[in-house]
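A short write-up of the structure that comes next.
Just so it is clear, the values below take in all heavy atoms, side chains as well, and ignore hydrogens, waters and symmetry mates. Along the sequence shown, residues are numbered consecutively beginning with 1. Counting convention: from 1, in listed order, for ligands and their atoms alike.
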Amino acid sequence: MRVIVLAALSCAAFLGACAQEPPPLAGAALIERGDYLVNSVVLCGDCHTPRLETMALDESRALQGGVLPPGPGMASIAPELAGIPAHYSEEQFIAFLQTGVRPDGSQPMPPMPPYRLNEEDARAVSAYIATLPKAVAP
Ligand code: HEC
């Protein structure tokens, strides 16, 4: 108990020593975090990756654009994201992931969810998606 009180007191005395934030992720660590978010948490590929005849995701064409079952008020194409969509700058893509609003002020139709990622997660997702090869023109 005394130890806890002392620790709290020294925190108050040396502000910053306790409240220090970890440094922001960068480089390979940022991309790795984006890979984890995209492929294990948010699953953008469920919609944005094309499927094989078996309906399994075609991982060799990750995020190169998918076709979705039609539904009322629903978009049936999830466009290519790999390499970041051509009409987005990196900063615009990061802003989109934090707001759900496109650079032109519009919002994608459902089933695209309006994500509100925090800035670091948005940067990680963008950094990872930027590494994926775009579809080769047929
Ligand atoms: C449940 C299916 C689904 C998931 C999951 C999903 N999307 Fe989408 N997304 C769509 C659809 C469908 C559209 C097209 C909407 C339209 O045409 O208005 C879209 C549109 C977008 C757009 C707009 C593209 C443009 O041309 O302006 C971006 C960017 C995007 N998605 C990024 C992502 C990212 C990044 C993730 C994962 C973090 C993700 N999406 C997850 C279905 C999905």
*asked:* Check this for me: does any side-chain nitrogen of one of Arg123 and Glu91 sit under 4.0 Å from a carboxylate oxygen of the other?
replied: yes
Please identify which atoms of ligand 1 are closer than 4.0 Å to at least one heavy atom of [X].
| X | value |
| --- | --- |
| Phe93 | 29 (C) |
| Leu43 | 5 (C) |
| Met109 | 15 (C), 16 (C), 18 (O) |
| Val42 | 38 (C) |

Which protein heavy atom lies closest to [atom], and at what distance to 0.1 Å?
| atom | value |
| --- | --- |
| atom 22 (C) of ligand 1 | Phe96 CZ, 3.9 Å |
| atom 17 (O) of ligand 1 | Ala75 CB, 3.6 Å |
| atom 41 (C) of ligand 1 | Tyr115 OH, 3.3 Å |
| atom 35 (C) of ligand 1 | Leu97 CD2, 3.6 Å |
| atom 23 (C) of ligand 1 | Tyr88 OH, 3.5 Å |

What heavy-atom pair brings [X] and [Y] nearest, and what distance separates the two atoms?
| X | Y | answer |
| --- | --- | --- |
| Ala124 | Arg33 | CB-CG, 3.7 Å |
| Thr49 | Leu57 | O-CD2, 3.9 Å |
| Pro50 | Arg61 | CD-O, 3.2 Å |

Would you list the atom pairs, donor with acceptor, under 3.5 Å between side chains in residues 105-114 and any protein atom, with sequence neighbours excluded?
{"unit_1": "Ser106", "atom_1": "OG", "unit_2": "Arg102", "atom_2": "NH1", "d": "3.0"}
{"unit_1": "Ser106", "atom_1": "OG", "unit_2": "Asp104", "atom_2": "OD1", "d": "2.7"}

*Taking only residues two or more places apart in sequence or in another chain, which ones pass salt bridge (Lys or Arg N to Asp or Glu O under 4.0 Å) with Asp46?*
none
_Could you list the cluster mates of Leu30? Members are the ILVMFWY residues connected by side-chain heavy atoms closer than 4.5 Å, either directly or through other members._
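So far as hydrophobic clustering goes, Leu30 is joined with Leu25.
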*Can you get from Tyr115 to Ile94 by hopping between Ile, Leu, Val, Met, Phe, Trp and Tyr side chains that sit under 4.5 Å apart?*
no
Between [X] (side chain only) and [Y] (backbone N and O only), is there a donor and an acceptor less than 3.5 Å apart?
| X | Y | value |
| --- | --- | --- |
| Glu80 | Ala135 | yes |
| Gln64 | Val136 | no |
| Arg116 | Thr99 | yes |

*Does His87 have a heavy atom less than 4.0 Å from any atom of ligand 1?*
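Yes.
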_Check contact between Leu68 and ligand 1, using heavy atoms of the residue and a distance below 4.0 angstrom._
yes
*Specify side chain, backbone, both or neither for Ile77, according to which of its non-hydrogen atoms lie closer than 4.0 Å to ligand 1.*
backbone
*Judging by distance only, is a nitrogen or oxygen of Gln107 under 3.5 angstrom from one on ligand 1?*
no
*Are there any protein N/O/S atoms under 2.8 Å from atom 8 (Fe) of ligand 1, and if so, which?*
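Listed by chain and number: His48 NE2, Met112 SD.
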*Looking at side-chain heavy atoms only, is the closest gap between Tyr128 and Leu37 below 4.5 Å?*
no
